[in-house]
Amino acid sequence: MLNPHKQAVKQLESVAELLEVAYSEKKRFWQAIEKLKEPDRVYKTELEVGGKKYPAFRSQHDNSRGPYKGGIRFHPGVTEAEVKALSTWMTWKCAVVGIPYGGGKGGVVVDPRKLSSEELQELSRAYARWLQDKIGPWQDIPAPDVNTNGQIMAWMVDEWQQAYLENHGVLTENALATFTGKPLALGGSQGREEATGLGGVYVLEKLAEKQGWTRKQDITIAIQGFGNVGYWFAYHADKLGYKVVAVSDSKGGVYLAEGLDPVKTLECKQQMGKVTQCHCTTKGCSTQAGRVITNEELLELEVDVLVPAALESVIHKDNAKKIKAKFIIEMANGPVTPEADKILLANDTTVIPDILANAGGVTVSYFEWVQNLAGYYWSYDEVLAKLKPLMDQAFDQMWRMKKEHSVSARIATYMSAVKKVVDALMIRGKV
Ligand code: NAD
């Protein structure tokens, strides 16, 4: 299997071949593609906490459409190739939804469960201090990712501001706008928590429009993962009248033919510690209402829409043939492997790719940055109302590209994104 960065480059090359016809200046077009194969730069260091050293990275892929933007993950499996690939995908994701950012990504090779709370804070502060002059509101704007959260962003804001003051003597940059995904108590945005799941449901609504699904109550949905993204997807889909028939977490799942109630299921999961015992409909929770299923069974259910919202690579060459859903909305990052993608395409399954489906999160991060820069904060309803047109527009652009070039939704999404970045590089005269 290719390392993730080589995979990202291969993906770019195949999309470029399809896009080339639209450009009269072929040489400049291919110069732009070459430039986009590698990040602009990757910073590397080792951060020392409690006598131990932790390798740390920040990759800045491309900023032709705006400052670099992307999360910071704390995970033992972080590698330079992964961070480079993720920063490339962030460039595409921001372009897909048309927000004025390029792509960045950071990571520290660490198992945060092995750190005390003090050590976690020390590591987070060390990371922000190391990047003091390399990130900033007009330069590169990090956010939470795997194993990082609002608290960690708050520590980073504080440390970055302190380091800035020490280095410059006076604070002339906006520390709050340097990080997103912050708690509401420190410049966070209303609606950020549910933005990714809700953005995915806006995509579902667009799909329904294109497919002419008029009776939403007949459209069945299975969701793998019942964390932040899975829950909010279930909540909003249910609220709009779709029938969520299955959800799961790491311990297994539950199937209810008549449709489950996401709110009651969450309350029950919080009490029981898992969803397998939560057979909850609008009438209440009873084990007679449904049946327990494994995560593998959930993926293979006969439903209209399958929503992987937990882990990467869960749909692979060995189970892709068994997927019965005709539509997959990728809410997790990379849940379908490239081999599985080919099998699904051959089976006429439409896969709405992660960089479009889960872009609601980074879009509300953008709103957070705008609010921090303006010092003026929007209500929950305003945030949600601003998210919808951006998701709708991204979906429509993808759909047009899909029809025009007779390609898959994934290829169409990448074509739409890469085109915007290449155009920005050209118009700037960078190539
Ligand atoms: P989370 O930790 O809140 O939830 C993850 C869920 O997956 C939990 O319900 C967990 O029990 C479940 N899970 C773990 N192992 C599993 C397994 N083996 N089988 C089935 N379920 C399993 O995480 P999240 O924030 O909801 O993120 C989910 C996915 O969405 C990740 O791929 C993440 O990168 C992606 N994503 C999240 C956001 C965001 O804003 N939170 C934005 C973009 C992408």
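Here the structure is a predicted model, which means the values were calculated and not measured. When a ligand or atom number is given, it counts from 1 through the structure's own listing order.
From Thr88, atom OG1 reaches atom CD1 of Ile355 across 11.5 Å, with rounding to the nearest 0.5 Å.
The contact shell of ligand 1, taken as protein residues with any non-hydrogen atom closer than 4.0 angstrom, comprises Arg192, Thr196, Gln224, Gly225, Phe226, Gly227, Asn228, Val229, Asp249, Ser250, Asn295, Ala309, Ala310, Leu311, Met331, Ala332, Asn333, Asn358.
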Which side-chain N or O atoms in residues 222-233 pair as donor and acceptor under 3.5 Å with protein atoms at least two apart or in another chain?
from	atom 1	to	atom 2	distance (Å)
Gln224	NE2	Asn295	OD1	3.2
Asn228	ND2	Glu193	O	2.9
Trp232	NE1	Glu193	OE2	3.3

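A ring-ring contact (aromatic ring centres under 6.0 Å, His included) check over residues 322-373, counting only residues at least two apart or in different chains, returns the pairs Tyr101-Tyr366, Tyr101-Trp369, Trp138-Trp369, Trp213-Phe327, Phe367-Trp378. Applying the side chain to side chain donor-acceptor pair (under 3.5 Å) test to every pair with at least one member in residues 344-355, sequence neighbours left out, gives no pairs at all.
The two residues Met331 and Gly197 have their closest heavy-atom pair at CE-CA, 4.1 Å.
Judged by distance alone, the side chains of Lys420 and Gln397 do bring a donor and an acceptor atom under 3.5 Å apart.
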